[in-house]
There are 2 protein chains.
Amino acid sequence: MNDNKINVSIVEDIDDIRNALRVLIDGSPGFECVHVYADAEDALRDMSSKDIDIVLMDIGLPGMDGIECMKILKPEMPKTQFMMCTVYDDDDHIFNALKTGASGYILKRTSPAQILEAIHDLYEGGSPMSSEIARRVVESMHKSEKRSEAVELLTPRENEILDFLARGYLYKEIAAKLFISKETVKKHIHSIYDKLHVQNRTEALNKAFPR
Amino acid sequence: MNDNKINVSIVEDIDDIRNALRVLIDGSPGFECVHVYADAEDALRDMSSKDIDIVLMDIGLPGMDGIECMKILKPEMPKTQFMMCTVYDDDDHIFNALKTGASGYILKRTSPAQILEAIHDLYEGGSPMSSEIARRVVESMHKSEKRSEAVELLTPRENEILDFLARGYLYKEIAAKLFISKETVKKHIHSIYDKLHVQNRTEALNKAFPR
DNA sequence: TAAAAAATATACCAAAAGGGTTATTGCAGT
DNA sequence: ACTGCAATAACCCTTTTGGTATATTTTTTA
């Protein structure tokens with residue numbers, strides 16, 4: 001709605017926190033709090049028709065939680081960015097929120113100045129999160145390294161071919177890409193299955209790249 | 001090695017940058033630069049025998065790159081944390097580094113004060129990265145949401161069968177599990193491929209469950 | 001209640017995948 | 001010089017997969 005200010009909406013059930021956030025945002029130049037909602041149902045009814053830059057979304061709400069709420073709202077408001085603002089700092093909530101579309105994740109104990117900074121940062125295309133939250137996210141990526149366990153058994157050539165397998169290529173397509181015969185591809189794949197103790201492509205991929 | 005200071009090693013091929021980092025770290029109370037290396041091979045030869053808290057690792061090195069180097073060193077130095085310090089800000093390098101075990105990722109244009117802050121932050125268990133880098137990481141998580149896109153096109157029965165496909169079951173095994181004929185399984189799978197616009201199992205799984 | 005969608009099943013056919021065997025070449029380490 | 005491993009390739013064979021078409025029954029929904 002408004003000229004050059006960052007339009008913010010808040011979904012937060014606790015009156016004191018909601019009001020404090022509103023006061024903080026409205027009292028800061030460059031920011032405007034255009035709507036506040038006390039629960040997910042309220043937000044769903046009203047929010048998608050508005051033009052909002054940033055939504056500050058609590059997770060623990062009465063009834064539908066903030067992640068579910070965002071899941072529904074996000075497709076209707078593609079330009080709006082969601083920042084979770086919550087007391088939960090466990091992996092489940094963090095990953096769920098981020099996977100469902102949150103672009104930022106801050107904890108309620110964040111200082112007012114940092115909250116404003118985070119909103120601004122999000123508006124500018126960043127993903128504000130504390131460095132502990134970032135560590136959780138990064139740690140979760142390390143895991144997809146399970147590959148190595150399987151992969152170290154395989155020769156470089158076999159790994160190369162495994163990558164093609166993962167993309168759904170046919171034997172003959174792999175052969176063409178690598179300038180070798182289809183039979184050789186088959187041989188390599190047989191060795192891969194052998195080493196991974198599996199019988200087919202899908203099982204191999206599940207072992208090599210757990211989802 | 002040293003009492004209460006944070007021990008840092010540097011792997012960086014450009015003399016000026018390497019020296020500047022060393023001076024910065026040694027000149028700051030609470031930090032000590034214990035080793036510097038000009039390339040990956042040098043670091044591999046020497047580093048794992050030392051007791052190092054943080055490694056500042058460049059990616060673009062002559063010969064072996066910094067990610068490969070870390071991949072080898074990491075298992076030998078489980079207590080050491082790696083921070084990539086590089087000019088590359090593309091997704092490939094970022095994800096590769098983080099998946100391979102980096103806990104922090106900063107760009108070379110980061111200010112000296114922020115570099116020190118990042119090292120300290122990493123030492124305290126955080127994952128320092130600029131908020132643009134964080135955004136890339138978060139964006140990569142949004143994708144796992146693709147399942148719903150695909151899944152909503154499919155009937156409940158088709159989804160059920162998709163799950164079996166994902167586990168590598170044969171048609172006849174799925175048929176036995178569901179007490180239907182193999183031909184019916186085939187029909188369902190054909191509909192799945194049709195709706196997802198794919199030609200085979202692996203492509204279907206990649207669409208439905210991006211890794 | 002009528003139409004649409006989903007689940008069930010068969011038949012025919014071609015392509016692809018996978019198991020087993022054997023063999024040659026080149027390269028690394030002993 | 002010998003050994004072992006990796007990469008290459010060919011052969012035979014069976015099973016699995018996927019395309020197309022057609023048809024019946026059940027369930028959902030307009």
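Sequence lines set the chain letters: A, B, ... in the order given, protein chains first and strands last, and positions in each chain run from 1.
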Nearest 0.5 Å, please: how far is OG in B/S49 from CE in B/M47? 10.0 Å

To the nearest 0.5 Å, atom CG of A/L154 lies from atom NE2 of A/H188 at 11.5 Å

Please list residues of residues 176-187 of chain A whose heavy atoms come under 4.0 Å from any atom in DNA chain D, ordered by number; otherwise none. A/I180, A/S181, A/E183, A/T184, A/K186, A/K187

Would you say D/dT8 has OP1 or OP2 under 4.0 Å from some side-chain N or O of A/R157? yes

Atom pair distance, as rounded to whole Å: CG in A/L170 and P in D/dG18: 10 Å

Can you see if the side chain of B/H188 gets near the phosphate of C/dT8 - specifically, an N or O under 4.0 Å from OP1 or OP2? yes

When rounded to whole Å, the CG to C1' distance for the pair B/N159 and C/dA6 reads 13 Å

I want to check one thing: is the phosphate of C/dG18, taken as OP1 and OP2, less than 4.0 Å away from some side-chain N or O of A/Y171? yes

Tell me which nucleotide among D/dA7, C/dA17, C/dT8 gets nearest to the side chain of A/E158. D/dA7

Rounded to whole Å, how long is the line connecting atom CD1 of A/I161 with atom C1' of D/dA7? 9 Å

Whole Å only: how far is the CD1 atom of A/I189 from the C1' atom of C/dA17? 9 Å

Could you check whether A/D46 pairs with A/K50 (Lys NZ or Arg NE/NH1/NH2 to Asp/Glu carboxylate O, under 4.0 Å)? yes

I need the CG-C1' distance between B/L205 and D/dT17, as an integer number of Å. 14 Å

Should the pair A/D51-A/K79 be classified as a salt bridge under the 4.0 Å nitrogen-to-oxygen rule? no

With sequence neighbours left out, the residues meeting salt bridge (charged side-chain N to carboxylate O under 4.0 Å, His left out) with B/K182 are none

Between D/dG19 atom P and B/L196 atom CG, what is the distance in whole Å? 12 Å

Nearest-angstrom distance from the residue atom OH of A/Y169 to P of C/dA15: 22 Å

Would you find more than 12 non-hydrogen atoms of other residues, nucleotides or ligands less than 6.0 Å from A/R22 atom CZ? no

Salt bridge or not between A/R157 and A/E160? Use side-chain N to carboxylate O under 4.0 Å. yes

Output the rounded distance in Å from CD (A/Q199) to C1' (C/dG20). 14 Å

Taking OP1 and OP2 of C/dA6, is either one under 4.0 Å from a side-chain nitrogen or oxygen of B/S191? no

Between D/dG19 and B/H190, is there an OP1 or OP2 to side-chain N/O distance shorter than 4.0 Å? yes

